[in-house]
**Q** 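Quick one: the structure is below, and I'll ask about it shortly.
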There are 2 protein chains.
Amino acid sequence: MSDTIADRFDRIRVPSAYEMVAEAIEAEIVSGRLRPGDEIGTEAALVRQFGVNRSTVREGIRVLEQGGLVRREAGRKLYVCEPRYDALSSRISRALVLQDVTFRELFDAALILEVGAVEGAVAHADAEVIAALEANQSRIEQAIGNPVLLSEIDTEFHALVAHASRNRVLELAREPAALLFFPSSEMICRRVPEGGPRMVEAHRRIIDAIKARDLELARLWMRRHLVDWRKGFVRAGREIDAPVERIFARYALSRSAL
Amino acid sequence: MSDTIADRFDRIRVPSAYEMVAEAIEAEIVSGRLRPGDEIGTEAALVRQFGVNRSTVREGIRVLEQGGLVRREAGRKLYVCEPRYDALSSRISRALVLQDVTFRELFDAALILEVGAVEGAVAHADAEVIAALEANQSRIEQAIGNPVLLSEIDTEFHALVAHASRNRVLELAREPAALLFFPSSEMICRRVPEGGPRMVEAHRRIIDAIKARDLELARLWMRRHLVDWRKGFVRAGREIDAPVERIFARYALSRSAL
DNA sequence: TTTTCCGCTTTGTCCGACAAACGGTCTCAC
DNA sequence: GTGAGACCGTTTGTCGGACAAAGCGGAAAA
């Protein structure tokens with residue numbers, strides 16, 4: 001009977017105790033009354049304050065831990081943590097993989113995000129970041145011929161460029177895609193031998209463009225660098241419209257768990 | 001003594017039982033052996049299978065729930081859920097707020113992400129999404145003068161544009177920023193009366209450009225639309241380099257919790 | 001056939017308990 | 001006096017058992 005009438009009201013959600021525990025602590029953190037580094041207190045203390053059972057407190061703590069708001073230092077005290085992205089990014093990467101996003105989507109998004117990041121880097125890079133980029137460059141020049149190292153250093157390069165933009169929103173926005181995108185360059189370098197040198201040259205040009213504050217040149221070489229990746233991907237015999245395999249998700253996850 | 005020697009080994013992390021429970025179930029989901037919609041089983045069943053206590057199983061379940069991998073249907077059975085972003089995006093928004101990102105960062109990132117999204121929309125929008133955009137437009141034309149509605153419909157408009165790009169990576173990448181960015185347009189419309197009509201015109205032009213597959217025009221009007229926002233922000237007397245207030249985080253969180 | 005009621009299942013919460021790991025203190029040998 | 005080691009209380013991770021409330025399904029009643 002009632003299913004023939006349009007529902008006027010939403011279902012009422014009664015929050016459970018462990019959710020209220022989590023929300024109470026979260027409110028303290030979001031409002032700033034608890035600051036990163038502060039300790040939350042022992043489980044027993046929380047039991048006293050909230051007047052609920054320890055199991056309930058513990059479930060609430062799990063929620064906060066997963067949300068990246070608190071952190072347990074090596075099985076010991078609970079601290080409010082300075083917001084860490086890694087855990088969140090890897091969770092998003094996992095969601096992307098589960099949705100079977102394609103490499104084309106990944107590539108199109110990376111093009112937008114990485115070019116955006118290098119634009120920001122041209123505008124805001126300071127000496128410190130540029131030094132880090134140069135250090136990265138000298139390492140990658142040593143690593144030609146070693147696909148595993150190449151891919152790792154390349155991933156770090158792009159993270160550094162994003163960091164140079166001094167835009168934490170952008171830095172975060174690109175991370176889930178990067179986590180899935182760059183590991184595959186290992187596979188490419190393995191199968192396309194000229195991939196390594198081309199990558200090293202592109203990085204060199206990008207760093208130079210950032211140092212020269214040359215927006216157009218930076219854009220150009222970042223774009224070229226990524227298009228190279230796509231070419232290599234195809235030449236390595238991969239289908240660009242195929243979904244990102246779930247293998248990569250596992251890889252991204254296991255790395256971030258460390 | 002040992003702190004004078006460079007540490008060779010990382011601390012060994014012994015995974016606790018509830019983490020292993022969570023990982024075991026996660027592995028089933030990521031590998032595809034458990035598909036969205038499948039049910040996980042009752043807590044009692046998991047207790048039997050894993051041979052651990054129910055409290056332990058429950059903590060593991062909390063972890064998965066927060067990770068957006070499983071979902072409890074109204075206090076009842078556990079299902080593998082089709083990956084939902086909302087929860088994850090709001091968590092990232094929260095992290096951004098806690099880092100005190102500025103409106104300028106938000107604006108710069110939104111410029112890159114939204115222009116990127118509209119580029120994708122020009123390339124990939126289909127009739128269905130365009131119809132949805134038109135419906136959104138007719139609603140916003142009715143809403144001029146109502147800041148709350150305007151801001152809501154504007155937020156939906158941008159989500160639709162991103163969806164039209166048929167790029168789930170980009171769609172997801174923009175969401176955390178959007179969650180923080182667009183709600184503030186309510187404040188702007190409230191204080192800058194001509195904001196409403198300008199927003200409506202920009203949307204109209206963007207939709208037309210998408211329909212005409214005119215890349216440059218779409219870019220132009222999206223950029224103009226966002227720059228308008230920034231102008232309004234300043235004219236409303238707000239400081240663009242000030243951190244996003246924590247109020248907005250709460251707003252974004254409470255919306256996504258529904 | 002429809003409504004109502006009853007009992008079973010499952011979740012949310014509680015209580016009490018214990019081993020292992022950790023932190024701090026105290027003692028003892030040097 | 002100082003350092004090493006033993007000792008002890010605290011805290012976490014896990015366990016077993018228990019109960020009320022809510023949801024589900026089938027039987028009984030209208």
Side-chain angles (χ1 to χ4, degrees), chain A residues 1-5 7 9-26 34 37-67 69-81 257, chain B residues 1-5 7 9-26 34 37-67 69-81 257:
Chain A
M1 186 205 226
S2 65
D3 41 351
T4 65
I5 301 177
D7 289 349
F9 297 111
D10 289 340
R11 179 178 189 86
I12 290 180
R13 247 192 71 65
V14 213
S16 44
Y18 77 88
E19 290 172 312
M20 296 181 71
V21 167
E23 273 170 36
I25 299 176
E26 170 178 333
L34 277 176
D38 292 356
E39 38 187 276
I40 307 280
T42 70
E43 294 180 0
L46 294 174
V47 165
R48 277 197 304 278
Q49 292 177 57
F50 290 116
V52 297
N53 190 270
R54 194 156 76 97
S55 314
T56 306
V57 166
R58 284 176 61 82
E59 287 189 38
I61 290 175
R62 292 300 153 251
V63 172
L64 294 172
E65 249 177 4
Q66 282 303 107
L69 283 177
V70 308
R71 164 197 242 158
R72 202 181 283 283
E73 199 84 20
R76 212 77 197 126
K77 273 184 186 154
L78 266 186
Y79 291 100
V80 180
C81 64
Chain B
M1 185 209 224
S2 65
D3 41 350
T4 65
I5 301 178
D7 289 349
F9 297 112
D10 289 339
R11 181 181 186 82
I12 290 181
R13 247 192 71 63
V14 205
S16 43
Y18 76 88
E19 288 171 313
M20 296 182 71
V21 167
E23 273 170 35
I25 300 176
E26 171 178 331
L34 277 175
D38 291 357
E39 40 187 274
I40 308 277
T42 70
E43 294 180 0
L46 294 174
V47 166
R48 275 196 307 276
Q49 292 178 58
F50 290 116
V52 298
N53 191 272
R54 193 156 76 96
S55 315
T56 307
V57 167
R58 284 175 62 82
E59 287 188 40
I61 289 175
R62 292 300 151 252
V63 172
L64 295 172
E65 251 177 3
Q66 280 306 104
L69 281 177
V70 309
R71 165 195 241 158
R72 204 182 280 284
E73 198 85 19
R76 211 78 197 122
K77 274 183 187 153
L78 266 186
Y79 292 99
V80 180
C81 65

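Protein chains get the first letters and strands the later ones, always in sequence-line order, with residue 1 at the start of each.
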**Q** Separation of Ile61(B) atom CD1 from dT10(C) atom C1', in whole Å?
**A**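 Atom CD1 in Ile61(B) sits about 11 Å away from atom C1' in dT10(C).
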
**Q** Hey, mind stepping through Glu59(A) and Arg62(A) against salt bridge (charged side-chain N to carboxylate O under 4.0 Å, His left out) and telling me if it holds?
**A** CA-CA 5 Å; Glu59(A) 287 189 38; Arg62(A) 292 300 153 251; over 6 Å; no

**Q** dG12(C) C1' sits how many Å from Glu59(B) CD, rounded?
**A**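 Answer to the nearest Å: 14 Å.
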
**Q** Tyr79(B) has an atom OH; how far is it from atom C1' of dG23(D), in whole Å?
**A**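 Distance, rounded to whole Å: 12 Å.
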
**Q** Tell me, please, which residues at least two apart from Glu43(B) pass side chain to side chain donor-acceptor pair (under 3.5 Å).
**A**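 Glu43(B) satisfies side chain to side chain donor-acceptor pair (under 3.5 Å) with Arg54(B), Arg58(B), Arg72(B) only.
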
**Q** By salt bridge (Lys or Arg N to Asp or Glu O under 4.0 Å), which residues pair with Arg48(A), not counting sequence neighbours?
**A**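 Arg48(A): no salt bridge (Lys or Arg N to Asp or Glu O under 4.0 Å) contacts found.
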
**Q** What nucleotide among dT14(D), dG13(D), dG12(C) has an atom nearest to a side-chain atom of Glu43(B)?
**A**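 Within the option list, the nearest is dG12(C).
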
**Q** Does a side-chain N or O of Arg72(B) approach OP1 or OP2 of dG23(D) to a distance below 4.0 Å, or not?
**A**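 For dG23(D), OP1/OP2 do not have a side-chain N/O of Arg72(B) under 4.0 Å.
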
**Q** Can you figure out which of dT11(C), dG12(C), dT14(D) approaches the side chain of Thr42(B) most closely?
**A**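 Among the listed nucleotides, the one closest to the side chain of Thr42(B) is dT11(C).
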
**Q** Sequence neighbours excluded, which residues qualify as side-chain contact (heavy atoms from CB on, under 4.5 Å) partners of Val21(A)?
**A**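 Checked Val21(A) against side-chain contact (heavy atoms from CB on, under 4.5 Å); matches are Ile25(A), Phe50(A), Val52(A).
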
**Q** Quick one: list whatever passes side chain to side chain donor-acceptor pair (under 3.5 Å) with Asp38(B), sequence neighbours left out.
**A**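 In terms of side chain to side chain donor-acceptor pair (under 3.5 Å), with neighbours along the sequence ignored, Asp38(B) is linked to no residue.
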
**Q** Tell me, please, which residues at least two apart from Ser16(B) pass side chain to side chain donor-acceptor pair (under 3.5 Å).
**A**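 In terms of side chain to side chain donor-acceptor pair (under 3.5 Å), with neighbours along the sequence ignored, Ser16(B) is linked to Glu19(B).
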
**Q** Does any non-hydrogen side-chain atom of Leu78(A) lie less than 4.5 Å from one of Leu64(A)?
**A**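 Counting from C-beta outward, Leu64(A) and Leu78(A) never come under 4.5 Å.
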
**Q** How long is the line joining CZ of Arg48(B) and P of dC15(D), in whole Å?
**A**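 Distance check: Arg48(B) CZ to dC15(D) P gives 16 Å.
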
**Q** Rounded to whole Å, please give me the gap between CD in Glu19(A) and C1' in dT13(C).
**A**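 Distance check: Glu19(A) CD to dT13(C) C1' gives 13 Å.
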
**Q** Quick one: which of dG12(C), dT11(C), dT14(D) gets closest to the side chain of Ser16(A)?
**A**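 Nearest listed nucleotide: dG12(C).
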
**Q** Quick test: give all pairs of protein nitrogen or oxygen and nucleotides 14-18 of chain C nitrogen or oxygen below 3.5 Å, distance rounded to 0.1 Å.
**A**
| unit_1 | atom_1 | unit_2 | atom_2 | d |
| --- | --- | --- | --- | --- |
| dC14(C) | OP2 | Asn53(A) | N | 2.8 |
| dC14(C) | OP2 | Thr56(A) | OG1 | 2.8 |
| dA17(C) | N6 | Arg54(A) | NH2 | 3.2 |

**Q** Could you give the NZ-to-C1' distance, from Lys77(A) to dT10(D), as a whole number of Å?
**A**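 My rounded result for the distance is 10 Å.
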
**Q** Provide, to the nearest angstrom, the distance between the CZ atom belonging to Arg58(B) and the P atom belonging to dT14(D).
**A**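 Answer to the nearest Å: 15 Å.
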
